[in-house]
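See structure below.
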Amino acid sequence: MVKVEKFIPKAIDRIKEQAKGKTIIALSGGVDSSVCAVLAYRAIGDDLIPIYIDTGLMRKGETKRIKEIFEDMNLQTIDAKDRFLNALVGIKDPEEKRKVVGETFIRVFEEEAREINAEYLIQGTIYPDRIESDGGIKSHHNVGGLPEHIDFKGIIEPIDDLYKDEVREVAWALDLPEEICERMPFPGPGLSVRIIGEVTEEKVDVVREANAIVEEELLEQFKPWQTFAAVIGKGTGVKGDVRVHGWIIAVRAVGSRDGMTAEALELPWETLRKIESRISGEIASVARVLYDLSPKPPATIEFE
Ligand code: XMP
């Protein structure tokens, strides 16, 4: 386990040595990039330019909260919702979807980096990201992918030796708010991997609302390692007295240590019923709600 009191000053010193001049970081609001941003801000102050790209694939209220939390650090926010949605039109294959989101992210970020004339790039890569990407398990959009077409003088990865629980410890020690320190993992491609098949604005809206309900019902009470909702297709239902073809929502709640393996939580029946009744009651276009029992393996945690 990393010794936090030793790690922090060392990491700050290393950033000071490595970054000379304008340095950017893509801040997602996740614990990894947030820890890197705070370390870097302590190291180089206003030479750090944190950039938050609103992909339109974020959870409910997330963009607003991130702006509030990091406003003192000179956060630049870029609204790229339309760009992402347009890039995703017609794409059904999960790996292609990940690639498109990753590439669009890189393009938007590159454009900003050029404009700012940034010389250094900070990335919040952590140790397990490196292992999973090297092993070819899936294309992680936050690893190894950031701007290839810009000549940065250097890429700095201050936490690439840490595991997730160590990053959280550092986050607490840096006085980041609890919602960041204990934030559930959220995939780089955002809500797009919680939608099976093509990503459309309608599906994103549905999955965002369903995710918010699931989090409200499960986060506090059951402290899952990760919990969310996914739109997995359409099925027939009855609303009022008409038959409708509505969305099918799958609810996922898992326990895990590091995301490499996971098991579904055994939730009380009344909790599941409440989630079902809230999702199909509050989101008019939903016809059916399922609970996913699959462990990882054979399933992954996300749906795509
Ligand atoms: P899977 O779905 O592969 O996910 O079992 C394991 C953990 O990784 C998260 N995840 C990602 N995180 N970029 C990320 O930063 C990604 O592309 C990505 N894909 C999945 C997932 O939420 C789970 O915690």
Please examine the side chains of [Y] and [X], heavy atoms only from C-beta on, and report whether any two atoms are closer than 4.5 Å.
| X | Y | value |
| --- | --- | --- |
| Lys22 | Asn117 | no |
| Phe70 | Ile180 | yes |
| Arg194 | Glu302 | yes |
| Ile69 | Pro177 | yes |
| Leu218 | Thr271 | yes |
| Glu62 | Arg183 | yes |
| Leu39 | Ile15 | yes |
| Ile249 | Leu290 | no |

Are any of the side-chain nitrogens in [X] or [Y] under 4.0 Å away from the carboxylate oxygens of its partner?
| X | Y | result |
| --- | --- | --- |
| Arg288 | Glu276 | no |
| Glu198 | Lys97 | no |
| Glu270 | Lys274 | no |
| Glu17 | Arg14 | no |
| Asp258 | Lys164 | no |
| Glu71 | Lys67 | no |
| Arg107 | Glu110 | yes |
| Lys10 | Asp13 | no |
| Glu111 | Arg83 | yes |
| Lys20 | Asp47 | no |

Roughly how far apart are [X] [atom1] and [Y] [atom2], rounded to 0.5 Å?
| X | Y | atom1 | atom2 | result |
| --- | --- | --- | --- | --- |
| Ile195 | Trp247 | CD1 | CH2 | 8.5 Å |
| Ile232 | Arg252 | CD1 | CZ | 11.5 Å |
| Glu157 | Leu121 | CD | CG | 8.5 Å |
| Thr55 | Phe105 | OG1 | CZ | 8.0 Å |
| Ile49 | Ile116 | CD1 | CD1 | 4.5 Å |
| Leu27 | Ser33 | CG | OG | 4.5 Å |

Side-chain heavy atoms nearer than 4.5 Å, only ILVMFWY residues, links allowed to pass through others: does that put [X] and [Y] together?
| X | Y | value |
| --- | --- | --- |
| Met184 | Val31 | no |
| Tyr41 | Phe7 | yes |
| Ile122 | Ile66 | yes |
| Val108 | Leu85 | yes |
| Leu75 | Ile24 | yes |

Would you say the side-chain atoms of [X] pair up with the backbone N or O of [Y], donor to acceptor, closer than 3.5 Å?
| X | Y | value |
| --- | --- | --- |
| Asn211 | Val207 | yes |
| Lys239 | Ala284 | yes |
| Ser34 | Gly30 | yes |
| Thr227 | Pro224 | no |
| Arg98 | Gly188 | no |
| Ser256 | Trp225 | no |
| Gln226 | Pro185 | yes |

- Message: I'd like to know whether Val193 forms a side chain to side chain contact (heavy atoms under 4.5 Å, CB included) with Phe303, so could you lay out the CA-CA distance, the side-chain angles of the two residues, the decisive distance to 0.1 Å, and finally the verdict.
- Response: CA-CA 6 Å; Val193 293; Phe303 277 70; over 6 Å; no
- Message: Just checking Glu201: does its CD atom have more than 12 heavy atoms from other residues, nucleotides or ligands closer to it than 6.0 angstrom?
- Response: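 It does not: Glu201 CD has 12 such atoms or fewer within range.
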- Item | NZ/Lys223: more than 12 non-hydrogen atoms of other groups inside 6.0 Å |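 Enclosed: over 12 neighbouring heavy atoms sit under 6.0 Å from NZ of Lys223.
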- Message: Checking Tyr52 against Thr63: is there a side-chain donor and acceptor pair closer than 3.5 Å?
- Response: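 Present: a donor and an acceptor within the cut-off.
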- Any chance the rings of Tyr127 and Tyr163 have centres within less than 6.0 Å?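 Yes, ring centres under 6.0 Å apart.
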- Query: What residues form a salt bridge (charged side-chain N to carboxylate O under 4.0 Å, His left out) with Glu119, not counting sequence neighbours?
  - Reply: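 In terms of salt bridge (charged side-chain N to carboxylate O under 4.0 Å, His left out), with neighbours along the sequence ignored, Glu119 is linked to Lys153.
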- Message: Checking Ile279 against Val251 for the side chain to side chain contact (heavy atoms under 4.5 Å, CB included) test, could you report, in this order, the C-alpha distance in whole Å, the side-chain angles of both residues, the deciding distance, and whether it holds?
- Response: CA-CA 10 Å; Ile279 293 178; Val251 175; 4.1 Å; yes
- Shortest non-hydrogen contact from Glu217 toward Ile275: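 Distance-wise, the nearest heavy atoms are CB-CG1, 3.8 Å.
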- For residues Asp54 and Gly56, report the shortest heavy-atom separation together with the two atoms involved.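 Closest heavy-atom pair between Asp54 and Gly56: OD1-N, 3.0 Å.
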- Item | Transitive ILVMFWY cluster of Trp172, excluding itself - 4.5 Å side-chain cut-off |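 None, because no other hydrophobic side chain comes under 4.5 Å of this residue.
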